[in-house]
Amino acid sequence: MSTYNPQEVEQHAQALWEKHQAFEVKADPNQDKFYCLSMFPYPSGKLHMGHVRNYTLSEVIARYQKMLGKNVLHPIGFDAFGLPAENAAIKNQREPAEWTYNNMDEMSAQFKRLGFAFDWSRQLATCQPEYYRWEQWMFVKLYEQGLVYRKDAVVNWDPVDQTVLANEQVENGRGWRSGAEVIRKSIPQWFLKITDYADELLASLDDMPGWPDSVKIMQRNWIGKSKGLELDFAVPDFGTVSIYTTRPDTLYGVSYMAVAPEHPLAVQAAANNPALGDFLTQCSKEQSNEAAMATMEKKGMYTGLDAVHPLTGEPVPVWVANFVLMTYGTGAVMAVPGHDQRDYEFAQKYDLPITQVIATEGDLSQAALTEKGLLIESGEYTGMDFDQAFAAMAQHFEAAGTGRVQINYRLRDWGVSRQRYWGCPIPIIYCDACGAVPVPEEQLPVVLPEEVTFDETGGSPIKKMPEFYQTTCPQCGGEATRETDTFDTFMESSWYYARYSCPDYHDGMLSEEANYWLPVDQYIGGVEHAILHLLYARFYHKVLRDQGLVNSDEPFTHLLTQGMVLKDGAKMSKSKGNTVDPQELIDQYGADTVRLFSMFAAPPEQSLEWSEEGVEGAARYLNRLWNQVTAFLAAAGNEPPAMQGDLDKAQQEMRWKIHQTIDKVSTDIGERKTFNTAIAAMMELTNALSKFADGTDNGIAIRHEGWYNLVKMISPFAPHMAQALWEQLGETSLLCTAAWPTVDTSALVQDEIEMVVQVNGKLRGKISVATNAAKDEVEAQALAEPNVHKFVDGKTIRKVIVVPQRLVNVVVS
RNA sequence: GCCGGGGUGGCGGAAUUGGUAGACGCGCCGGAUUCAAAAUCCGGUUUCUUCGGAAGUGCGAGUUCGAUUCUCGCCCUCGGCACCA
């Protein structure tokens with residue numbers, strides 16, 4: 001019997017896996033595949049506990065599936081483009097590429113030290129031209145297909161640093177480096193028509209049982225499909241302003257219109273109205289993100305223009321309002337203060353009329369009445385309900401040619417242009433004669449120069465590098481300029497999961513192997529990606545499908561969204577100084593302990609509260625398991641006697657516990673994904689086996705059966721220690737390729753069962769009954785229980801509820 | 001503000017389909033071992049209690065024989081809100 005030495009044991013197991021290339025896989029049409037994937041990391045520096053948790057989750061599932069006999073793909077790579085590399089470059093005067101590659105090396109070493117069962121031969125990094133060339137290639141394909149277009153869109157402009165800022169670089173409306181007031185600036189940018197796929201993205205959600213409902217609901221709301229009317233309002237001295245409304249039934253209640261500050265009407269009206277001009281300038285300094293728009297003070301100004309109400313002919317004043325989004329619908333709304341709360345508050349503030357045109361309960365002097373109901377004060381539409389009014393008005397306006405039924409989406413097209421350096425160059429060339437021309441396939445990739453110098457403003461260096469942007473037009477051969485914007489990094493993360501199937505394929509974006517591995521069977525990552533990343537990836541997958549590159553409709557069959565790792569109730573972050581370095585823990589306790597703790601401390605979806613004592617507990621458990629198994633083997637050897645004859649009661653119970661645990665652990669890992677309860681069950685079995693000191697042949701056989709299966713079951717969590725114990729059990733194969741334990745259902749049969757007896761819902765006693773006992777027998781036995789009898793005596797029994805196998809509730813008065 | 005989570009002992013959490021609230025672990029208390037300590041092992045541990053019991057899962061109502069679980073209304077907290085990834 002030897003003591004447990006994690007460092008030694010872990011080195012040994014890792015060397016074995018390396019020697020046998022245990023986790024490198026090839027497509028094999030004759031074997032069931034299982035593709036298990038954790039969201040790839042941004043190479044920010046060293047690993048943190050969030051990474052450990054994320055990759056241990058996929059690790060446990062991957063190793064479990066492998067033991068079930070599946071051909072398991074469990075790859076790793078890096079989401080290597082992004083803003084932090086540029087920040088590090090400015091701060092440390094290092095090239096983003098060098099910084100990134102260094103971090104990748106460091107993190108790879110830590111991944112290996114943790115013993116993750118990755119197929120390292122498939123490692124990829126999105127900043128490598130071999131990867132992003134296919135992203136550029138696909139962009140050109142989509143351009144040719146008409147799914148790409150260019151339009152003006154708003155960015156955060158820092159007027160001092162003369163650069164575009166990301167939202168997180170704007171603090172309280174000011175640039176984080178310069179401190180200057182950030183303004184909204186409109187510049188031309190490239191967009192992908194994700195809205196063309198809105199309906200399919202929405203409809204597919206109904207057929208994705210492997211995704212959490214919460215994520216599907218969030219995506220549905222994000223897509224925000226609605227049916228309404230687009231109506232044209234004539235505005236004398238301007239022209240026509242179209243609005244979109246989902247509540248045409250409230251049309252008679254319109255008391256004003258509101259347009260976005262960027263709306264052409266507002267711009268025209270401001271031309272000879274200095275006060276209005278000032279207001280628009282003021283609006284341009286306000287943040288345009290949705291949270292800010294929704295919470296800021298609602299402000300507006302009359303433009304001096306009046307629209308004509310399309311039904312009554314009455315004049316309707318047109319206002320500019322800071323809360324109207326130019327990017328949603330038409331950038332103009334009709335305002336019905338009586339039946340919309342935001343319009344209501346605005347009308348109260350500016351003393352605009354509030355009228356009721358829908359008959360509903362409520363007090364209009366307190367709040368808008370937003371419930372639907374029958375129309376009142378609405379001319380010929382009076383008395384109709386919502387559906388009737390919608391249909392009648394749609395018919396009226398369509399006949400008049402001034403309105404139409406329209407399906408609208410909250411989802412906007414995907415702006416992919418970033419005015420930043422460390423990203424994939426957008427493969428477009430601008431020619432004075434030919435306009436925007438995509439880079440021809442044979443000229444791809446457009447390689448991002450890696451030797452660059454940064455100044456403190458954070459502006460992209462390639463915008464100042466003629467050797468990068470000076471080129472010739474692919475169409476006319478004349479002088480031309482390259483696009484210097486790069487892609488949103490969500491572009492890279494939208495298809496990496498597919499590229500893992502063939503990372504070294506040079507003749508195309510994806511090879512046939514993609515269709516063997518895809519879709520991903522289990523995808524794991526933080527909830528914070530519930531909408532953006534996961535929606536973009538779903539969109540991209542459908543685009544890949546329509547290009548004939550994959551034959552599935554959705555990329556991820558099952559999704560697990562993990563919670564954050566907290567310390568003292570707050571998210572671990574460098575700025576808070578509450579980080580825990582996994583490396584120190586690995587050095588002190590070993591990888592198995594760190595892995596076990598991260599799985600045991602909380603269920604995957606919930607946040608995990610960090611606890612040093614909890615880690616010690618995990619280490620203590622592994623130590624105890626090691627000692628128990630080695631002590632048993634030292635005493636009984638690794639060749640157990642055969643079980644024979646009848647088992648006594650304690651032996652039966654021990655076997656029941658062993659097989660009940662196998663059943664539970666299998667369900668917890670394979671179906672429920674509650675690894676914390678799987679570990680708890682294994683701890684219970686460990687405790688039970690420790691106390692079961694039966695030295696008879698049958699007893700030793702049962703103990704061997706228990707420890708043997710326990711070593712297998714703990715192996716996805718603590719694979720190094722399990723491998724060492726496996727060898728002590730006399731096995732010569734790799735444990736990670738051994739078969740997962742199977743349940744002996746005959747061991748689960750019990751002929752007696754304990755039932756709980758309640759009186760008026762309160763626990764009063766317990767009875768032991770035959771498993772197949774009839775209801776009357778159970779009832780009789782329950783009433784005969786002394787303590788139950790005490791509480792029932794002298795009272796009238798109203799009814800007795802018997803829940804088979806569980807409890808009896810005697811209702812008395 | 002809108003959308004989606006979460007709230008259970010001193011702490012992390014369990015209770016899988018409406019059926020024993022607190023599994024498992026941590027901490028703490030007691031014991032064994034030790035010259036002593038660490039480590040290890042064994043036992044106890046929701047609160048109150050007149051020792052019969054009673055109360056108890058963020059707060060307030062409701063449905064039910066029975067609610068941590070379902071319904072309604074609140075409070076607190078975390079994630080997302082389109083250029084952080």
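All values derive from a computational prediction rather than experimental measurement. Quick note on labels: first sequence line is chain A, next is B, and so on, each numbered from 1. Only this structure's heavy atoms are used, side chains among them; waters, hydrogens and symmetry mates stay out.
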Could you pick out which residue, A:P41 or A:G617, lies toward the 5' side of RNA chain B when each is mapped onto its nearest nucleotide? A:G617

A:E785/A:R764 salt bridge by N-O under 4.0 Å criterion: no

Base B:C3 paired with A:N221 side chain (donor-acceptor, <3.5 Å): no

Does the B:U20 base have a donor-acceptor partner in the side chain of A:K762 within less than 3.5 Å? no

Per A:I801 side chain, nearest of listed nucleotides B:A82, B:G19, B:C84: B:G19

For A:W222, which contact category applies under a 4.0 Å heavy-atom criterion: base, sugar-phosphate, or nothing? base

Classify the nucleic acid contact of A:M564 as base, sugar-phosphate or nothing, counting any heavy atom under 4.0 Å across all strands shown. sugar-phosphate

In whole Å, what is the span from the CD1 atom of A:I679 to the P atom of B:A23? 18 Å

By the 4.0 Å heavy-atom rule, please label A:Y621 as base, sugar-phosphate, or nothing. nothing

What is the nucleic acid contact for A:R624, judged by heavy atoms within less than 4.0 Å: base, sugar-phosphate only, or nothing? sugar-phosphate

Pairing of A:D158 and A:R174 as salt bridge, 4.0 angstrom limit: no

Is a salt bridge present between A:R418 and A:D488, judged by a nitrogen-to-oxygen distance below 4.0 Å? yes

